[in-house]
Number of protein chains: 2
Amino acid sequence: MAKHSTYVGALSPEYALLGFLEQGATHGYDLHRRLLFHLGQIWHISQSQCYNILKRLEAQGDIVGELYEQPRLPDRRIFHITEQGRARFEDWLATPTGCSVRAIRVEFITRLYFAHLRGSGEAERLIQNQVEIVRQGLERLQSAQKTFAPEQTFNRLGLEFRLQQLRAALDWLQNCVKTLQGD
Amino acid sequence: MAKHSTYVGALSPEYALLGFLEQGATHGYDLHRRLLFHLGQIWHISQSQCYNILKRLEAQGDIVGELYEQPRLPDRRIFHITEQGRARFEDWLATPTGCSVRAIRVEFITRLYFAHLRGSGEAERLIQNQVEIVRQGLERLQSAQKTFAPEQTFNRLGLEFRLQQLRAALDWLQNCVKTLQGD
DNA sequence: TGAGATATACTCACTGGGTGAGTATATCTC
DNA sequence: GAGATATACTCACCCAGTGAGTATATCTCA
């Protein structure tokens, strides 16, 4: 069940789509439009990729589509989220985000978006959790830094880069709280 | 020719492999080991992915492999870089890296690695170029910041995140010069 | 009035990044 | 003498992502 891919590159917008569908049934075209409008700076997803994901979600049983014929426009498939899909989404929303920069930029902000919509301080809790995770990640990287052989200059540089990025992410997280309060 | 993929996710270690092969012919197992040792913090590549790429490079004519039978160990395929492959590599090395954080962390550091090996100030020039590119990117993002509708809080947050990350990258670049001089 | 852009809605075939498991042998270690 | 580790590569698979194509309706502006 809920067999998450383990490798870090696997940041699929499928949960964003599930999240939109959790708010109510709709069709692929609309989902793509909403993704662009609300999270377009986070996800850069083509229309066809959107449909690809919907196809997969349907095959997995997270959503079901019903065909509606329209008089003159192309037929629509309206997707509904299933109980299984809803459970997967809730599960994902409660899963802490890793501390890679990419995970924060993409997965964390997406989670934050849906948590914020629900109100009641969920977003703030999410941020505080993430601050803790990033702090721990920083410590881990800092101790890893000492283990390099001197000839591995570029591995060291790579690690320093990640450290700087994580520190910046931490600053951003702390600023995030204020931004979300002020709107 | 040199049909680069256009989308940002496309950061293939193929050029790193070409770069190693440009230093001399060798086999897949050794290439994977070298990639891990010298750039393991930059590329997280499984063995099979390494072989996948070699297969593609051979199909494209950038490298050629010759089979060597060994008495008791598995056969080896020794790969040589072709003239076309060498040209592709040189081309890539001279191409400026984009200003996404990921591109810098991965592509830029890889370029820097090979430029540094050649000496004669190539690495320093690369860094100075990149500083300029990142500065321009920062300005572009800063002006994009003003164009958001007020309801697009999360797009704005996403953009702020990228801004912070780029500023940190700029600091890192400036530090880089010192690190490379001091070894 | 009529040409061209833009919106609606989806399909298809493809590339390429990435993984995990499997194969078979030799040597090192305890 | 058993079990880990190194050598060297193959295979089948998943999924992220793209670009082009299809077909119609409405809006825009000269």
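Each chain gets a letter, A, B and so on, in the order the sequences are listed, and its residues count up from 1.
- Residues from residues 32-42 of chain A placing a heavy atom under 4.0 Å of any atom in DNA chain D do not occur.
- Per the geometry, CD belonging to A:Q49 stands 17 Å off P belonging to D:dA20, to the nearest Å.
- Rounded to an integer number of Å, the gap from A:L67 CG to C:dT8 C1' is 15 Å.
- With sequence neighbours left out, the side chain to side chain donor-acceptor pair (under 3.5 Å) criterion links B:D171 to no other residue.
- In the hydrophobic clustering (ILVMFWY side chains linked at under 4.5 Å, chained through shared members), A:L67 stands by itself.
- Take B:T26 and apply the side chain to side chain donor-acceptor pair (under 3.5 Å) test, not counting sequence neighbours, and it matches B:D30.
- In this entry the distance linking CZ of B:R56 with P of C:dT15 reads 11 Å, nearest Å.
- A straight line from CD1 of A:I53 to C1' of D:dG17 spans 9 Å, rounded to a whole angstrom.
- Residues satisfying the side chain to side chain donor-acceptor pair (under 3.5 Å) criterion with B:H80, sequence neighbours excluded, are B:E66.
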Kindly list each side-chain donor-acceptor pair under 3.5 angstrom involving residues 130-137 of chain A, sequence neighbours excluded, with atom names and distances?
residue, atom, partner, partner atom, Å
A:Q130, NE2, A:T97, O, 3.3
A:Q130, NE2, A:G98, O, 3.2

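- For A:S46, a side-chain nitrogen or oxygen approaches OP1 or OP2 of D:dT18 to under 4.0 Å.
- Ring-centre distance between B:F79 and B:H27: not below the 6.0 Å cut-off.
- In DNA chain C, the stems built from three or more successive Watson-Crick or G-U pairs (distances below 3.5 Å) are C:1-30 with D:1-30.
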Under 3.5 Å, N/O pairs linking protein and nucleotides 9-13 of chain D:
residue, atom, partner, partner atom, Å
D:dC9, OP1, B:R77, N, 2.3
D:dC9, OP2, B:G28, N, 3.3
D:dC9, OP2, B:Y29, N, 3.2
D:dC9, OP2, B:Y51, OH, 3.1
D:dC9, N4, B:Q47, OE1, 2.7

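- B:I78 belongs to a hydrophobic cluster whose other members, connected by ILVMFWY side-chain contacts under 4.5 Å either directly or through intermediates, are B:Y68.
- Atom CG in A:L54 sits about 15 Å away from atom P in D:dC15, given to the nearest Å.
- Within the structure, the side chain to side chain donor-acceptor pair (under 3.5 Å) test picks out the following pairs touching residues 53-62 of chain B (sequence neighbours left out): B:E14-B:R56, B:E58-B:R77, B:Q60-B:D62, B:D62-B:Q84, B:D62-B:R88.
- Rounded to an integer number of Å, the gap from CD1 of A:I45 to P of D:dC15 is 15 Å.
- Checking A:Q23 against A:R34 by side-chain atom types alone, a donor-acceptor pair falls below 3.5 Å.
- With sequence neighbours excluded, no residue satisfies ring-ring contact (aromatic ring centres under 6.0 Å, His included) with A:F108.
- With sequence neighbours excluded, the residues that form a side chain to side chain donor-acceptor pair (under 3.5 Å) with A:E22 are A:R118.
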